[in-house]
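Sequence positions, counted from 1, serve as the residue numbers for this chain.
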Amino acid sequence: MYKFVEVAEMVFRLETGVPGKILAVVGGVHGNELTGVQVVQQIKKDVEAGKINVVSGTLVLALGNLRAIL
């Protein structure tokens, strides 16, 4: 099971410990675009629940423009 580390406000990083690529997914860049926010939240839940297996590298999930989306 994987655990994300919050490295900044609403920025989460998961490092597998296995060398590989870095994938960053950012949602909420524009305040009226909420689908990206939902995608980031769902990916985080699915990884933590073991529904998505990250086998190498680093996964970064972030929500941007917090004033507009929170």
Side-chain angles (χ1 to χ4, degrees):
M1 181 116 68
Y2 298 107
K3 182 169 176 144
F4 285 91
V5 174
E6 189 168 9
V7 295
E9 186 176 11
M10 300 307 287
V11 178
F12 303 93
R13 181 178 65 219
L14 181 146
E15 294 184 10
T16 64
V18 178
K21 305 278 184 180
I22 299 170
L23 173 64
V25 181
V26 181
V29 175
H30 301 103
N32 61 346
E33 298 172 353
L34 299 179
T35 301
V37 173
Q38 295 167 345
V39 168
V40 166
Q41 292 170 336
Q42 190 64 53
I43 291 171
K44 186 172 183 291
K45 285 180 189 176
D46 287 350
V47 169
E48 291 175 330
K51 294 180 181 179
I52 296 175
N53 189 19
V54 183
V55 296
S56 65
T58 301
L59 174 60
V60 178
L61 301 175
L63 297 178
N65 196 358
L66 297 179
R67 290 184 294 163
I69 62 175
L70 297 179

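In the hydrophobic clustering of this structure, Phe12 groups with Ile52; members are Ile, Leu, Val, Met, Phe, Trp, Tyr whose side-chain heavy atoms approach within less than 4.5 Å, directly or through other members. At a threshold of 4.5 Å between side-chain heavy atoms, the hydrophobic network of Ile, Leu, Val, Met, Phe, Trp and Tyr places Val11 and Leu61 in two separate groups. Hydrophobic clustering, with ILVMFWY side chains joined whenever heavy atoms are under 4.5 angstrom apart, keeps Val60 apart from Leu14.
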Donor-acceptor pairs under 3.5 angstrom involving side-chain atoms of residues 19-27: please list them, not counting sequence neighbours.
none

Could you tabulate the donor-acceptor pairs under 3.5 Å formed by side-chain atoms of residues 35-45, not counting sequence neighbours?
residue, atom, partner, partner atom, Å
Gln42, NE2, Asp46, OD1, 2.9
Lys44, NZ, Glu48, OE2, 3.0

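The structure places CG of Leu59 at 11.0 Å from CD of Glu15, a figure rounded to the nearest 0.5 Å.
When hydrophobic side chains of Ile, Leu, Val, Met, Phe, Trp and Tyr are connected at separations under 4.5 Å, Val18 ends up as a singleton with no cluster partners.
Here the side chains of Val55 and Thr16 are not in contact, with every heavy-atom distance at 4.5 Å or above.
When the salt bridge (charged side-chain N to carboxylate O under 4.0 Å, His left out) test is applied to Glu33, no partner is found at least two apart in sequence or on another chain. Scanning for side-chain hydrogen bond (donor to acceptor under 3.5 Å, both in side chains) contacts around Asn53 gives Tyr2, with sequence neighbours left out.
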Test side chain to side chain contact (heavy atoms under 4.5 Å, CB included) applied to Asn65 and Val29, step by step: CA-CA 6 Å; Asn65 196 358; Val29 175; 6.0 Å; no
